[in-house]
There are 2 protein chains.
Amino acid sequence: MPKRVDHAERRTEIAEALVRVAGRRGLHAVGMRDVAAEAGVSLRLVQYYFETKEKLLLYGLEHLAGKFGERLATRVRAAGDGPGPRATVEALLMTALPTDEESRTFHHLYTSYAVLAVTDRTLAAQPFIRNPDAAEGVLAAVLRQAQAADLLRPGVDAHLAAAGLLAMSAGLGTSVLVGQRSPESAAAVLEDQLNRVFRAADAGG
Amino acid sequence: MPKRVDHAERRTEIAEALVRVAGRRGLHAVGMRDVAAEAGVSLRLVQYYFETKEKLLLYGLEHLAGKFGERLATRVRAAGDGPGPRATVEALLMTALPTDEESRTFHHLYTSYAVLAVTDRTLAAQPFIRNPDAAEGVLAAVLRQAQAADLLRPGVDAHLAAAGLLAMSAGLGTSVLVGQRSPESAAAVLEDQLNRVFRAADAGG
DNA sequence: ACGGAGATGATACGGATGTACCATCAAGGG
DNA sequence: CCCTTGATGGTACATCCGTATCATCTCCGT
């Protein structure tokens with residue numbers, strides 16, 4: 001047998017090249033040749049590891065979602081050791097905002113994929129349903145927990161509030177992405193919303 | 001002179017053809033030939049009235065935003081004659097949800113344009129900034145008015161609340177668009193949020 | 001009525017794109 | 001040792017897209 005190569009690793013490298021170049025020039029403008037150049041391999045190689053462009057895009061989306069999920073989980077875990085549920089929720093929502101370049105790219109590409117998914121049923125079957133639903137479940141659980149600790153304002157429905165927060169965060173993210181709103185302003189809107197869901201702080205640091 | 005044609009009208013027809021076909025197959029998949037076929041004219045004609053594709057897209061965006069603005073204004077005006085500020089706000093936000101085919105198309109294409117605007121500065125200079133800011137202003141004004149009439153919960157910042165509502169509505173719209181959430185569920189989330197902003201109803205019908 | 005300008009049609013062109021095909025290289029097992 | 005098989009490279013091919021070019025038709029002013 002010849003030189004043995006770790007396919008999974010190679011696919012990851014290429015997928016990350018896709019993400020980089022798509023983040024720079026837009027997903028609509030990226031071709032296999034661009035991905036190959038960005039990854040420093042030949043066009044043939046991209047074909048070799050992903051037979052078709054559709055499969056490349058699919059894998060790229062998966063990879064992107066995975067990376068972001070990790071990032072989010074890390075931040076939430078870090079905040080989880082902290083003051084309380086509100087901090088956790090804040091960490092979750094603020095991380096979802098496109099502040100640095102990495103999260104900007106995520107928002108940009110995720111929105112691009114979402115737009116494609118509207119007309120492409122192969123893409124529509126992908127994690128657009130699963131991931132945000134999972135996030136909503138997690139957030140709702142945290143809110144219910146906070147509710148049990150009497151940290152929420154009366155009459156709050158955890159599930160509805162969670163959905164609302166996530167939707168607001170996503171909407172704000174888009175605004176920030178297109179330059180319509182500053183990250184700080186978006187954070188302020190989110191903060192204001194959290195004040196509508198959580199009781200007024202008393203023992204907070 | 002030969003047959004004189006109303007250029008503005010013709011441009012509108014072609015722009016609407018663009019919107020239709022892009023709504024069906026996605027903006028990324030639409031070419032000048034598709035627009036021409038949809039409008040029932042020759043490719044040359046599309047070139048004649050819009051010299052370049054970029055100009056066609058620009059005009060299409062303008063037209064789309066204009067149409068939707070009208071639709072929104074109509075619904076809001078209709079609600080304005082009704083019970084009160086909350087009904088107005090509800091009309092505004094519910095209209096922004098992609099319920100029927102027209103608003104679905106609007107959301108789909110507007111998001112597509114937004115994605116393009118991230119990397120295309122010519123597109124970014126377009127009404128992405130102006131329109132939503134205007135909507136935010138209008139909504140904030142209505143909320144301030146409601147606040148003056150003591151219809152809001154205490155401590156509500158009209159401007160922040162307006163921004164939040166709009167962002168939430170946009171986020172929910174995207175969810176509905178990609179099939180992640182039903183229009184009814186989105187409406188419920190919005191309703192819940194309005195209950196957090198407005199006082200509990202008392203004199204409502 | 002006729003000339004000219006505006007409106008429209010047909011089609012060519014250069015470039016880019018996704019994919020397919022053919023060749024080559026490298027390593028490990030018989 | 002060499003032959004198989006996986007990993008590459010190079011490149012051709014068909015297609016599509018936006019744009020440009022050339023030609024034609026139509027109708028109004030004079």
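Bear in mind that the values here come from a model prediction, so they are computed numbers and not experimental data. Order of the sequence lines sets the chain letters (A, B, ...), proteins ahead of strands, with each chain counted from 1.
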To the nearest Å, give me how far apart [atom1] ([X]) and [atom2] ([N]) are.
{"X": "His28(A)", "N": "dG18(D)", "atom1": "NE2", "atom2": "P", "value": "12 Å"}
{"X": "Leu57(B)", "N": "dT19(D)", "atom1": "CG", "atom2": "C1'", "value": "15 Å"}
{"X": "Leu43(A)", "N": "dC21(C)", "atom1": "CG", "atom2": "P", "value": "15 Å"}
{"X": "Arg10(B)", "N": "dG6(C)", "atom1": "CZ", "atom2": "P", "value": "16 Å"}
{"X": "Glu51(B)", "N": "dT19(D)", "atom1": "CD", "atom2": "C1'", "value": "12 Å"}
{"X": "Arg25(A)", "N": "dA16(C)", "atom1": "CZ", "atom2": "C1'", "value": "13 Å"}
{"X": "Met32(A)", "N": "dA20(C)", "atom1": "CE", "atom2": "C1'", "value": "14 Å"}

Would Arg11(B) and Tyr59(B) count as a cation-pi pair here, with the cationic atom under 6.0 angstrom from the ring centre and within 45° of the axis?
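Yes.
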Counting heavy atoms from C-beta on, name the nucleotide in [options] closest to the side chain of [X].
{"X": "Val5(A)", "options": "dT11(C), dA7(D), dG9(C)", "answer": "dA7(D)"}
{"X": "Tyr48(A)", "options": "dG6(C), dT19(D), dG6(D)", "answer": "dG6(D)"}
{"X": "Lys53(A)", "options": "dG6(D), dG18(D), dT19(C)", "answer": "dT19(C)"}
{"X": "Gln47(B)", "options": "dA7(D), dT19(D), dT19(C)", "answer": "dT19(D)"}

Can you establish whether the number of heavy atoms outside Glu191(B) located under 6.0 Å from its atom CD is more than 12?
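Check passes, neighbour count above 12.
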What does Phe50(B) touch in the nucleic acid at a heavy-atom separation under 4.0 angstrom: a base, only the sugar-phosphate, or nothing?
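Since no nucleic acid heavy atom lies under 4.0 Å of Phe50(B), the category is nothing.
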If each of Leu45(A) and Arg33(A) is mapped to the nucleotide of DNA chain D with the nearest heavy atom, which maps nearer the 5' terminus, i.e. the 5' end?
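The residue mapped nearer the 5' terminus is Leu45(A).
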Under 4.0 Å between a side-chain N or O of [X] and OP1 or OP2 of [N]?
{"X": "Tyr49(B)", "N": "dA7(C)", "answer": "no"}
{"X": "His7(B)", "N": "dA7(C)", "answer": "yes"}
{"X": "Thr52(A)", "N": "dG18(C)", "answer": "no"}

Using only heavy-atom distances, determine whether the side chains of Arg144(B) and Gln147(B) contain a donor-acceptor pair under 3.5 Å.
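No, no side-chain donor-acceptor contact under 3.5 Å.
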Could you verify whether a donor N or O on one side chain and an acceptor N or O on the other, from Arg153(B) and Asn195(B), lie under 3.5 Å apart?
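Short answer, no.
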Pair listing, ring pair (Phe, Tyr, Trp, His ring centres under 6.0 Å) test, anchored in residues 165-186 of chain B, at least two apart:
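Residue pairs passing ring pair (Phe, Tyr, Trp, His ring centres under 6.0 Å), neighbours aside: none found.
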Any donor-acceptor pair, under 3.5 Å, between the side chain of Arg44(A) and the base of dT19(C), if you only look at N and O atoms?
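No pair found.
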